[in-house]
Amino acid sequence: MTGLSAEARLRRLLRVFTQTGGEGLRTRAFDNLPMDARAHLLERAVLKADELPVIAHFEGPDHWALVTTERIVLGREAGLLSVPWSELENATTDTAHIQAAFASGAGNKLSLSRLRLQRRNAEDVEIEVEAGKAFFGLWNALKTIALLRKE
């Protein structure tokens, strides 16, 4: 995968997140989330000793996404889903979603809110996240993970 340390991965992803979008109300650098949201995510995601939380989208106990230095963990009503970096082929958004966003009257790319995680040997996973600049920061961070995986 990549020879970067967990700390170097964290810094790189945060730099990409900030430079290509930035924080929103519900999507932030992990350390900038409210304390109760951080506690919930850490309890549910069960990080390994050398795994660091980086970016999170937190709408509530059953709707969240946590990007760590090892994987993307999704909290859903159906339970947890963990996508290791090694499985992430790409992050994209569906063409139909783009067309619907532009046709809805919202009329611009800042209304996009759905990302598709393309996995190497499994079904794609679609996640709904916060629209706006945070969407683009998260999208670019996920695309960076796919690139780092290939290094």
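Values below: all heavy atoms of this structure, side chains included; hydrogens, waters and symmetry mates excluded. Please read these numbers as outputs of a predicted model, since none were measured by experiment.
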* **His40 side chain near Pro61 side chain, heavy-atom distance below 4.5 Å** => yes
* pair Leu112-Phe136: side-chain heavy atoms closer than 4.5 Å -> yes
* Asked: Sequence neighbours excluded, which residues qualify as side-chain hydrogen bond (donor to acceptor under 3.5 Å, both in side chains) partners of Ser82?
  -> Arg71
* Tell me, do Thr20 and Trp139 make a side-chain contact under 4.5 Å, heavy atoms counted? -> no
* **With sequence neighbours excluded, residues passing salt bridge (Lys or Arg N to Asp or Glu O under 4.0 Å) with Arg38** => none
* **Hydrophobic cluster of Leu25, others only, ordered by chain and residue number, side-chain cut-off 4.5 Å** => none
* To do: Could you tell me which residues satisfy side-chain hydrogen bond (donor to acceptor under 3.5 Å, both in side chains) with Thr68, sequence neighbours excluded, listed by chain and number?
  => Glu51
* Treat each ILVMFWY residue as a node, draw an edge where side-chain heavy atoms are under 4.5 Å apart, and state whether Val67 and Val16 are in one component. => no
* Please name all residues satisfying side-chain contact (heavy atoms from CB on, under 4.5 Å) with Asp31, sequence neighbours left out, ordered by chain then number. => none
* Asked: Can you tell me how far OG of Ser86 sits from CD1 of Ile145, rounded to the nearest 0.5 angstrom?
  -> 11.5 Å
* To do: Would you confirm whether Thr93, through its side chain, and Arg114, through its main-chain N or O, come within 3.5 Å as a donor-acceptor pair?
  => yes
* Sequence neighbours left out, what pairs pass salt bridge (charged side-chain N to carboxylate O under 4.0 Å, His left out) with at least one residue falling in residues 53-65? => Arg26-Glu59
* Asked: What is the minimum heavy-atom distance between Gly24 and Ala134, and which atoms define it?
  -> N-CB, 3.7 Å
* Asked: So do the side chains of Arg12 and Arg15 get within less than 4.5 Å of each other, counting heavy atoms only?
  -> yes
* Taking the side chain from Lys143 and the backbone from Ala91, do they hold a donor-acceptor pair closer than 3.5 Å? -> yes
* To do: Would you please name every residue forming a side-chain contact (heavy atoms from CB on, under 4.5 Å) with Val125, sequence neighbours left out?
  => Leu74, Arg76, Leu81, Leu117, Arg119, Ile127
* Asked: Side-chain contact, heavy-atom cut-off 4.5 Å: His63 with Glu77?
  -> no
* Could you grab the distance from atom CH2 of Trp85 to atom CD of Glu70, nearest 0.5 Å is fine? => 7.5 Å
* Asked: To the nearest 0.5 Å, what is the distance between CG (Leu13) and CG (Asn140)?
  -> 11.0 Å
* Asked: So which heavy atom on Ala141 is nearest to which on Ile55, and how close?
  -> CB-CD1, 3.8 Å
* With sequence neighbours excluded, residues passing side-chain hydrogen bond (donor to acceptor under 3.5 Å, both in side chains) with Glu7 -> none
* Asked: Using 4.0 Å as the upper bound for N to carboxylate O, is an ion pair formed by Arg116 and Glu126?
  -> yes
* Asked: Can you name the side-chain contact (heavy atoms from CB on, under 4.5 Å) partners of Ala39, sequence neighbours left out?
  -> none
* Asked: With Ala29, which residues qualify under side-chain contact (heavy atoms from CB on, under 4.5 Å), at least two apart?
  -> Leu14, Glu23, Asn32
* To do: Considering only Ile, Leu, Val, Met, Phe, Trp and Tyr, and joining two whenever side-chain heavy atoms are under 4.5 Å apart, list the other residues clustered with Leu41.
  => Phe30, Leu33, Leu42, Leu47, Phe58, Trp64, Leu66, Val73, Leu80
* So, do Leu115 and Thr92 sit near enough that their side-chain heavy atoms are less than 4.5 Å apart? -> no
